[in-house]
Amino acid sequence: MSTDRWIIDSNGQQLLKYDVFLSFRGEDTRKSFVDHLYHALHQKGVETYKDDTKIRKGKTISHELIQAIEDSKFYIIVFSKNYASSSWCLEELVKIMECQKMTDQHTAYHVFFDVEPTEVRNQNGAVEAAFSKYEKNESAGKWREALRNAADLAGWELKNILDGGEDTRKSFVDHLYHALHQKGVETYKDDTKIRKGKTISHELIQAIEDSKFYIIVFSKNYASSSWCLEELVKIMECQKMTDQHTAYHVFFDVEPTEVRNQNGAVEAAFSKYEKNESAGKWREALRNAADLAGWELKNILDGHEAKLIQKIVEEISLELRFINSGVDENLIGMKTRIDDVVSSLELGFDDVRMIGIKGMGGAGKTTLARAVYDHISFQFEGCSFVENVREESKPSMSGLKLLQKQVLSDVLSDQGISVSGVLEGKSMLKKKMCGKKVLIVLDDVDKIEQLVALAGDRSWFKPGSRIIITTRDAQVLIGHKVNLIRDVHLLMDKEAMCLFSRHAFGREIPNEGYKELSEQVVSYAAGLPLTIRVLGSFLCGKDDLDWKDALERLETIPLNETMKVLELSYIGLEEDYKEIFLDVACILKGWRKENAIRALESCGFRARNGLRVLELKSLITTSEVGHLWMHDHIEEMGKNIVRRLSPNEPKRHSRLWINEEIVDILANDSGTQATKCITLNAYGLNFEILMNGLTNMKELRFLYVDAEYVREDKVSKWNFDEVSLHLPNALRFLSWENYPFSSLPKTFQAKDLVGLEMQHSNIVQLLKDGEEKVFLKLRFLKFRDSYIRTLDLGLAPNLEMLHLKNCYNLVKIKLITHNLKELHLESCDNLEELHMPAESPKLRSLKLFVSKLTTLDLGIIPNLETLSLYQCTDMVELQIPAECSKLLRLELNYLMLTTLRFRITPNLETLRLNNCTHMVELQIPAECSKLVNLEFDNLVLTTLRLGITPNLKTLRLNNCTDMVALQIPAECPKLVNLDLSNLKLRTLHLGITPNLETLRLRDCTDMVELHMPSECPKLVDLDLSNLKLRTLHLGITPNLETLRLNSCTDMVELQIPAECPKLVNLDLDNLKLRTLHLGNTSNLETLRLNNCTDMVELQILAECPKLVNLDLINLKLRTFHLGITPNLETLSVSQCTDMVKLRMPTECPKLVTLDLNNVMVRTLDLGPTPSLERLNLEYCCDLEEINAPAECLKKLRHLDISHCGRFDSFVFEDTWPKLVSLFELHLIAVKTGACDPSNTWPEFQFTCYYIDDSASSFENLERLVSLGFGARINVDFLSDIMCGLQCLRMLTLEGGIPEVPKNLDGLDCLEELSLRSTDIKTLPDSICMLKHLKSLKLESCLLLEKLPVDIGRLECLERLVLFDCTLLQDIPNSICEMKRLEHLELSYCIRVEKLPEEFGRLKCLKDLNIQGTWISHLPYSIFGLKGLRVVGDRWSLEACGLTRKARRTSYEDDETFCYI
């Protein structure tokens, strides 16, 4: 036997390729028994050979079979009636028996399917009949021998193991039942669920009513059972009764028509019931059931029973999944989190995915993983959820084999699996998992060894499998190379309140009276689900006093259950990482990460690595702006660890952060060596207490003090100074805001000081004059807002970082250190001298912002990466080394340099030279192979030649107004952004720029020639505004979104590609184009063609579905047809004075602004425009008709139809914001001709100003617009318009109107009425019916002769003005009935001579103006109106016996008045 195909294991044993070889007669069992057997073995992870699935095309089948037999451990021979009729089966059998005898590595078993063992052994009966054709075959002898030997093997006889069952119960239905059961589908099958002693019919009915789905398996004998037929009737009743039940059929061995029409086999089976009284309903049930959805075995999956069963199970599981797809209501806020994870799994892809869910303890990782598992598990062939891997894998990893056993048992549905060790478990997993698409969740993993043992490699699993891992430690996931890591998000406030309320009150919101307390609890929990659940359950049922007590306790004593869970992450840290964690929790939370790293490194820690470990273990995070952060409970846990050893003795705590405790310790001088770190807010603290109290803290390594500022003059009056300040010599990091003294304490040796930061301090120099002290370990020095004048850093030979900001007195810095890495000097405005060492071998970053340096010699700086000089406006010389091999970024802004030369900068990525307005010469290397960003702004260079820059992505040359020549490489393969605005270039040749996205050449006003590549496949933004180009031919630009060609006043030709599918914005103002044809621009949102005064033709798409803004101002178009534009918001076609026809879309549902100013259209047809707010038709002088549906103008806020029809001016405004309700109409009528003989009124031109904020504005507006168009105006027409205005509050009529509109009483809401300079002679009586009128003004109505007799009926009138009504003589007596009149003016009504005698009844009157009248005496009753102010001419007041007064009302005018 060949052995070269065999695999040898570590013990030298041969491992065979297949576990089982199946030998069977296909026509008998392939689609039934063998199909089920094969799938059952496969589900158990047994690698099985079945000839119809394994033989590859183009191979000799006999050779493959022999090889497969030799490579198999077990053989199962399925003897059926026709087995011996196949020479192929008999040859297989011979080979199997040979292998069986040759070695003990092979074992054969038989299955007697539908034959007797004696028939096989003796070749009689069915076997004899099948074998008869081979009697004379030369192989007959060995075949008979093989049959005899095989019959004597161990095996199974079907009829003796499973009782026979009619049709399907023990075959198809049995397999279907078990397949559903394996998927967790609770299934009712009558021979397993009916309990003894119960009435079977009652149980069946109950079971049918309690089921969601019914599967009806129609077989040949189904209709022979009255029991089955009664079941079917009940099923069909339930199916019709409610949508909670759904029935499916399976046609097993009958045709659908046989069931539907009850013929064939069904007819034969049903025949005995022809006379049964239930026959009718049974036949009806059969017919209806045949019409259901379902499956027909012979037409699905080539008749394979097992495959059909698998399909049925999948579809039923899917239906149940949809029914139960809602997320558990108790899982607050889980739906979006589940969706996020599921989308990350990408279940549609046929690969193996591992994803991690990371988060702090108690954050809900397990809950989320379980919810996802429940949500998607039905889509997999095997599933396992392994909880608490961290705990269960202990001790010494021995628990891992039990977890391996759990995965195998869950996936293979076999609880009998045993695993002797972890290595064997890995081997079994690798072998068994590859045959099934599985979903495995490994929960709370904390070591990579656990993943290696349980999901060692993707190759273990079948494509489509998904592994979800939850952990607190991201490093475990990174080390195992998972596809994706997702952070679990804590609950939002609203979600947290809902979850808490569920546990505390059993409802979604807090009970009445507990809202504020609940908010305090939720605030304390800070989104952590564990804390929310624990506190909710704890507080459930307790009164408000218990709640308050619990909350007060939490302020000092953390929640134990939460702390236990969180501390597990801390316990697993190494000792130095524990120290870093405690420093962050107690001191550094909220610090910028870079500042925290300096502080921790000063204290001797490997800070970057340590913080990374804490971040990976979900103990800390870094905010988007770079600050260290941690959850409040993790902070609380860290502080609790520090406190708990000596809870009542803060002096023994390693870290102090509570002001009251620190002050108490310092004041009592009770500090101890236990204290390592202090952070103190010293506002209001006596400095003497502070300085003396630090003496005993001899091991203090970290001190941060934030004190209040004290002026120098006040410090000088203290009876103590820095000598009295005893800083511990062990200090490694000192940061002091508002340090009051001029130098460090003399007693402070600073031998261990690594980091020193002083902000807003009075410090002038580090040491007192005469002191000689070397800061040997000082690495980090930072001063901000200090008075320091000079800085000699020879005292700090190992200094690595120097940051100085706002040190305005600083004039000189002397650097000697060769270890300097960062030098940042910002706003040291008076700095004149900076002495750099000749060599700075470690300097990486040099930044100078604002200084008085005139020169800068950098010396040798081989490792410099960043050089930034900003606003060093006196700097005229900069010496950069010839070689800066590591320089990445060079930025020079506002310098006075005239030349700049640098040569060898092979790694330069960014070069920015902005506002160096004296720079006339620039020499850059011929090759800048890594240059990515080049930006020059406001230089006076005339030429620029770029060498080899293959990685250049951004080139910006703005406002270099002298630049006439620019050479860029012929190939810029990575160039993305090119901005050359406001240059003097005349031509530009762009070479190969396949990645160009932005090209801006704005305001290059001399440019007459531009050569662009024929293809710009990635170009998104093109701006060529204000150039002198005459033509532009755009090549292929499939991604172009914005094209601007504004003010290219010489451009006469523009060719846009036929396809611009992504073009969004097109601006073409002030061009000389005559025609424009837009091709495929289906995404166009903005099109502006303003002042293209030669354009006579414009073609745009018939459909512009995304067009929002369209401006066509001052064009020569005569017609314009706008197609389908459902998103159009603004349309401006103003100043198109040749346009005589405008065709609007049938509807513009989003149109807000329509401007047709100075367009010569005669009619305007507006379709539905329900959003229209502004309509401008000014100077549409030929406009005769506006057609708009009623709903078109309901939202209109502005309408201008001035110089249209009869309107000199017509402006409508809808007030906004609607602070008060306004509805005002001001109408001026000007005569334009004599009266028509058929009309008593002349022709008018109107000026109309209209304000409205009411819901009826459309109807009112429609009435007013009709004034300007249509029939001639007369009093009836005007009355119909005016009196139909709803909600009108203010009406002004001005000009030569001969009559007041009739029926004014229809204006129910009118409050103010003004008539000015009209030709009216009388007022209609209807005016007296205006119940709400408050003001009536009649000004310069020169023909007015009288007022209505009943004018006194205006009960609400408060103001009556009759000015310059020269023909008016009498004031009606009824005026005395006006109970609310406060102001009466009769000025210059020259014919009025007297007032009514009962004038004194006007009790509310405050002002009376009789100036210019002929009134010479007042009625006696008026003198009862005490306080009435009367204005009049001097003579008239004197004639009335009144004492006059005078006051100046303007520069020239005086007013004469008196008081009654």
Side-chain angles (χ1 to χ4, degrees), residues 1225-1231 1242 1244 1246-1247 1249 1290-1301 1304 1310 1312-1324 1327-1328 1330 1333-1349 1351-1352 1354 1357-1375 1378 1381-1396 1399 1402 1405-1418 1428-1437 1439-1440 1444 1446-1458:
L1225 174 61
H1226 191 155
L1227 184 66
I1228 302 174
V1230 179
K1231 297 177 185 177
F1244 288 106
F1246 291 105
T1247 295
Y1249 179 70
M1290 183 184 299
L1291 174 60
T1292 300
L1293 299 178
E1294 186 173 349
I1297 299 173
E1299 296 179 63
V1300 175
L1304 282 179
L1310 194 65
E1312 297 183 31
L1313 174 60
S1314 297
L1315 304 175
R1316 297 175 186 165
S1317 304
T1318 67
D1319 290 345
I1320 63 174
K1321 295 181 179 180
T1322 60
L1323 293 178
I1327 202 171
C1328 302
L1330 296 172
L1333 194 67
K1334 296 180 180 178
S1335 173
L1336 176 60
K1337 295 181 181 179
L1338 304 174
E1339 299 174 333
S1340 300
C1341 295
L1342 303 179
L1343 300 181
L1344 182 66
E1345 297 175 350
K1346 63 179 180 177
L1347 298 177
V1349 174
I1351 195 171
L1354 296 173
L1357 198 68
E1358 297 174 0
R1359 186 179 188 87
L1360 176 58
V1361 176
L1362 303 172
F1363 173 78
D1364 197 23
C1365 299
T1366 55
L1367 293 183
L1368 182 66
Q1369 295 184 9
D1370 297 321
I1371 305 299
N1373 290 330
S1374 66
I1375 195 175
M1378 296 180 178
L1381 190 66
E1382 295 179 359
H1383 179 89
L1384 175 60
E1385 181 174 348
L1386 304 174
S1387 53
Y1388 301 104
C1389 295
I1390 56 176
R1391 299 198 178 196
V1392 175
E1393 298 179 356
K1394 63 179 180 177
L1395 296 176
F1399 198 81
L1402 297 172
L1405 194 64
K1406 296 178 181 177
D1407 290 286
L1408 172 63
N1409 191 329
I1410 57 173
Q1411 188 168 1
T1413 67
W1414 280 94
I1415 297 174
S1416 58
H1417 71 277
L1418 297 177
L1428 176 65
R1429 184 173 179 271
V1430 182
V1431 178
D1433 300 315
R1434 184 180 68 178
W1435 72 267
S1436 61
L1437 294 179
C1440 294
R1444 62 182 178 82
R1447 70 181 182 94
R1448 178 63 55 94
T1449 58
S1450 65
Y1451 180 72
E1452 296 180 347
D1453 296 329
D1454 289 331
E1455 181 183 70
T1456 307
F1457 65 96
C1458 66

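Excluded from the calculations below are hydrogen atoms, water molecules and symmetry mates; all remaining heavy atoms, backbone and side chain alike, are included.
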Item to check | Pair I1320-L1293, side chain to side chain contact (heavy atoms under 4.5 Å, CB included): steps then yes or no | outcome: CA-CA 11 Å; I1320 63 174; L1293 299 178; over 6 Å; no
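A pairwise comparison of heavy atoms in I1297 and A1229 identifies CG1-CB, 3.8 Å as the closest pair. The shortest non-hydrogen separation linking L1408 to L1428 is N-CD1, 4.2 Å. Smallest separation of non-hydrogen atoms from L1437 and C1458: CD2-SG, 4.1 Å. Residues I1415 and S1436 come closest through the heavy atom pair O-CB, 3.7 Å. For S1387 against F1363, the heavy-atom pair with the smallest separation is OG-CD1, 3.0 Å. Minimum interatomic distance between P1324 and P1348 (heavy atoms only, all atoms of both residues): O-CG, 4.0 Å.
Shown here are the salt bridge (charged side-chain N to carboxylate O under 4.0 Å, His left out) partners of R1391, two or more places apart in sequence or in another chain: there are none.
Residues in residues 1312-1323 take part in these side chain to side chain donor-acceptor pair (under 3.5 Å) pairs, two or more places apart or across chains: K1231-D1319, R1316-E1339. Among pairs with a residue in residues 1357-1374, those fulfilling side chain to side chain donor-acceptor pair (under 3.5 Å) read S1340-D1364, at least two apart in sequence or across chains.
Distance check, rounded to the nearest 0.5 Å: CG of L1315 to CD of E1294 gives 10.5 Å. In this structure, CG on L1384 lies 6.5 Å from CG on L1362, to the nearest 0.5 angstrom. Taken to the nearest 0.5 Å, the CD atom of E1345 stands 8.0 Å off from the CG atom of L1343.
Under the 4.5 Å side-chain criterion, counting only non-hydrogen atoms from C-beta, I1351 is in contact with M1378. Annotation: side chain of L1405 is in contact with side chain of F1399 (closest heavy-atom distance under 4.5 Å). Proximity of L1338 to L1368: side-chain heavy atoms (C-beta onward) are nowhere separated by under 4.5 Å.
Of the listed residues (L1304, L1310, L1291), just one forms a side chain to side chain contact (heavy atoms under 4.5 Å, CB included) with L1333, and that residue is L1310.
Looking only at distances, a side-chain donor or acceptor of N1409 sits under 3.5 Å from a matching main-chain atom of Q1411.
Aromatic ring pairs are classed by plane angle as parallel below 30°, tilted from 30° to 60° and perpendicular above 60°; the pair W1435 and W1414 is tilted.
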